[in-house]
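For reference, the structure discussed in these notes is given below.
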Amino acid sequence: MATAKPGQKRPLGSSGGGPPAKKGFWSLGLLDSMKDPNLQVEKDDKVVVIKDKYPKARYHYLVLPKENISKLKALQPDHLELLKHMHEVGERIIKEAIGEEGLSYRLGYHAVPSMSHLHLHAISQDFDSPSLKTKKHWNSFTSAYFVDSKEVMDQLEKEGKVDTSAKNPEAQLKLPLRCHVCKKELTNMPKLKEHIVTHIKKS
DNA sequence: GTTCTAGAAC
DNA sequence: GTTCTAGAAC
């Protein structure tokens, strides 16, 4: 007998062949992604570079330390060299990927990431991707919620720790939809996406 | 983080 | 009537 009623809901975003994931375990998904050969781009003794599983632009990579660092707040002063290395690797990878396409890019961290395990985003600024769907997606990459890698490194160097709470991250996510290039405000995501492609120069 | 969908917004 | 968003996921 089937036990599922029609229309019954179940936790999503973690299925795909393996055993049923327990509630809340999706936040550890980067650990699996780091090991996934389909996502892995390169690794060295300190970091692993992967393609974001749901890229929010044409080129979107994550640089993760092999060392298990849960979040920005866990950073200690002696992690500065690691952050510099992550930045250098991320910059090389994203430049290489973009090639002659002429897209700009940014390197940075989300103030309050959903996924555990420190990860540096290296993302091209076209934001031309079917996985970019929600206001939270948009604002997490185009508002102060996205903290530049250099700013994180500076803060760690000067303060000995990293604290992004002064940016009011939760409020950033609720800001109106605004084009990151010309600052025009759009009323919904489809209109925003239609607008931003006009800023991508054709190659 | 994503998926799904009820009901708001148009 | 259709599009779009926001919140639950047992």
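Only this structure's heavy atoms are used, side chains among them; waters, hydrogens and symmetry mates stay out.
The listed nucleotides are B:dT2, C:dC4, B:dT3; the one nearest the side chain of A:K133 is B:dT3. Distance from the side chain of A:M189 is smallest for C:dT5 among the nucleotides B:dT2, C:dA6, C:dT5. Distance from the side chain of A:H110 is smallest for B:dG1 among the nucleotides C:dA6, B:dG1, C:dT5. When distances run from any side-chain atom of A:S114 to the nucleotides B:dG1, B:dT2, C:dT5, the shortest one goes to B:dG1.
At whole-Å resolution of the value, NZ in A:K135 and C1' in C:dA6 are 10 Å apart. Rounded to an integer number of Å, the gap from NZ of A:K174 to C1' of C:dA6 is 10 Å. Whole-Å rounding puts the A:L132 CG to B:dT2 P distance at 10 Å. As rounded to whole Å, 19 Å separates atom P of C:dA9 from atom CZ of A:F25. B:dT2 atom C1' lies 15 Å from atom CG of A:L28, rounded to whole Å. As a whole-Å value, the separation of A:E170 CD from C:dA6 P is 16 Å. The interatomic distance linking A:L31 (CG) with B:dG1 (C1') rounds to 13 Å, in whole Å. In this structure, A:L173 atom CG and C:dT5 atom P are separated by 15 Å, rounded to whole Å.
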Donor-acceptor list for residues 174-184 of chain A side chains, cut-off 3.5 Å, not counting sequence neighbours:
| unit_1 | atom_1 | unit_2 | atom_2 | d |
| --- | --- | --- | --- | --- |
| A:R178 | NH1 | A:K183 | O | 2.9 |
| A:R178 | NH2 | A:E185 | OE1 | 2.8 |
| A:H180 | NE2 | A:Q125 | O | 2.8 |
| A:K183 | NZ | A:H180 | O | 3.2 |

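At a threshold of 4.0 angstrom between heavy atoms, the contacts of A:P190 are confined to the sugar-phosphate backbone, with no base atom among them. Among the atoms of the strands shown, only primed sugar atoms or phosphate atoms (P, OP1, OP2) are found under 4.0 Å from some heavy atom of A:K56. The residue A:H119 sits apart from the nucleic acid: no heavy atom pair falls under 4.0 Å. At a threshold of 4.0 angstrom between heavy atoms, the contacts of A:K136 are confined to the sugar-phosphate backbone, with no base atom among them.
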5'-to-3' dot-bracket of DNA chain C (Watson-Crick, G-U; under 3.5 angstrom; crossing pairs as [ ]; | other strand): |||||||||.
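Checked by atom type and distance alone, the side chain of A:H199 never pairs as donor or acceptor with a backbone atom of A:I196 at under 3.5 Å.
A donor-acceptor contact closer than 3.5 angstrom links the side chains of A:Y105 and A:E91.
With a 6.0 Å radius and a threshold of 12 heavy atoms from other residues, nucleotides or ligands, A:K53 has its NZ atom at or below the threshold.
Under the 30°/60° scheme for interplanar angles, the aromatic rings of A:H121 and A:H110 are found to be tilted.
Using a 4.0 Å cut-off between charged nitrogen and carboxylate oxygen, A:K191 and A:E194 do not count as a salt-bridge pair. Salt bridge annotation for A:E81-A:K46: absent, with no cationic side-chain nitrogen under 4.0 angstrom from a carboxylate oxygen.
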